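Counting begins at 1 with the first residue of the sequence. Source: prediction; values computed, not measured. Counting convention: from 1, in listed order, for ligands and their atoms alike.
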Amino acid sequence: MTQKAFIFDLDGVIVDTAKFHYLAWKKLADDLGISFSEEDNEQLKGVSRVRSLEIILQMGKVTMTDTEKTVHLAEKNEDYLSYIATMTSDDILPDVPRVLHFLKSHNIPMALGSASKNAKQILAKVGLLEMFDAIVDGNEVSKAKPDPEVFLNAAAKLSATPANCVVFEDAIAGIQAANVAGMYSIGIGHREVLTEAKQVFKNFTEISTQFLEHLIQKTA
Ligand code: BG6
Ligand code: MG
């Protein structure tokens with residue numbers, strides 16, 4: 001049997017941090033006089049921090065210098081981190097620990113593949129840092145999803161062939177990145193949104209042990 005490796009996105013897959021990103025971006029948007037709703041926030045899922053700011057500025061037709069952007073990005077992150085500081089293992093999304101422990105008990109190599117520069121801090125706060133054999137985060141990649149760089153780096157760190165990797169993602173760009181990398185993409189969210197994923201589940205509660213066994217045994 002070929003050894004499989006599993007790669008997980010962080011935000012929206014392992015933890016629901018979108019609400020914290022929203023609060024922090026909303027504060028900045030309010031300060032800048034830009035209207036920004038929770039629906040607008042959907043557009044920022046899976047998108048890098050700097051690109052998220054650019055999208056918000058476009059929404060409000062506001063322009064600023066690179067220096068101003070740097071200042072606002074730092075403010076936003078400081079605000080975001082004040083929410084992260086409150087996180088505990090209770091903030092792990094339902095049934096994620098069950099799936100991680102199942103894979104761990106079968107000695108399946110596991111990596112995190114996230115755009116977030118705060119990934120390690122978040123994993124530490126919720127007590128999952130030790131669960132992953134490798135972590136590739138926003139500090140290590142130069143090209144954002146849908147570029148496959150983050151997932152290819154994660155596979156390399158696990159010494160896994162891309163065709164043997166399974167990726168869990170909640171963002172369209174993340175599913176595209178996994179597909180371009182030649183990996184098996186599993187969407188967490190809505191089927192109508194994640195149309196390019198090989199399989200879609202609403203959440204981890206929907207993922208059965210039998211399905212995980214099937215993934216582990218599946219030939220590429
Ligand atoms: C992604 C989130 O995982 O990370 C995005 O879905 C976020 O919303 C991006 O902008 C970067 O995160 P951070 O923590 O580096 O600002
Ligand atoms: Mg995500």
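In the model, Ser116 has no side-chain atom that pairs as donor or acceptor with a side-chain atom of Asp137 under 3.5 Å. No donor-acceptor contact under 3.5 angstrom links the side chains of Asn41 and Lys19, judged on distance only.
The atom name of the N/O/S atom in Asp11 closest to the Mg ion (ligand 2) is O. Between the Mg ion (ligand 2) and the N, O or S atoms of Asp9, the shortest distance is to OD2. The Mg ion (ligand 2) is closest to atom OD1 of Asp170 (considering only N, O or S atoms).
The residues Asp95 and Arg98 are annotated as salt-bridged, a charged nitrogen and a carboxylate oxygen being separated by less than 4.0 angstrom. A salt bridge is absent between Lys26 and Asp79: the closest approach of a Lys/Arg side-chain nitrogen to an acidic carboxylate oxygen does not fall below 4.0 angstrom.
What sits closest to atom 12 (O) of ligand 1 on the protein, heavy atoms only, is Ser116 CA, 3.4 Å.
A distance of 9.5 Å separates CZ of Phe168 from CD of Gln199, quoted to the nearest 0.5 Å.
Side-chain atoms of Asn139 come within 3.5 Å of backbone atoms of Lys117 as a donor-acceptor pair (strictly under, hydrogens ignored).
Close N/O approach between Asp9 and ligand 1 is not found [any backbone or side-chain N/O within under 3.5 Å]. Not one N or O of Tyr80 is nearer than 3.5 Å to an N or O of ligand 1, by distance alone. When only interatomic distances are considered, the shortest N/O to N/O separation between Asn118 and ligand 1 falls below 3.5 Å. For ligand 1, one of its N or O atoms has an N or O atom of Arg49 under 3.5 Å away.
Classification of the Tyr80-His21 ring pair by plane angle, with boundaries at 30° and 60°, yields parallel.
Assignment of Gly46 to the shell around ligand 1 is supported, since a heavy atom sits closer than 4.0 Å. Within the 4.0 Å heavy-atom cutoff, Leu44 counts among the residues contacting ligand 1.
In this comparison of Ile55, Asn41, Asp11, Leu73, the heavy atom closest to atom 1 (C) of ligand 1 sits on Asp11.
Cation-pi geometry between Lys4 and Phe6 is not met: the NZ or CZ atom fails to fall both under 6.0 Å from the ring centre and inside 45° of the normal.
Heavy-atom contacts from other residues, nucleotides or ligands closer than 6.0 Å to NZ of Lys27 number 12 or fewer.
With a heavy-atom cut-off of 4.0 Å, Lys117 touches ligand 1 through backbone and side chain alike. Within the 4.0 Å heavy-atom criterion, the part of Ser52 lying near ligand 1 is the side chain and not the backbone. Contacts of Val47 with ligand 1, taken as heavy-atom pairs under 4.0 Å, involve the backbone alone.
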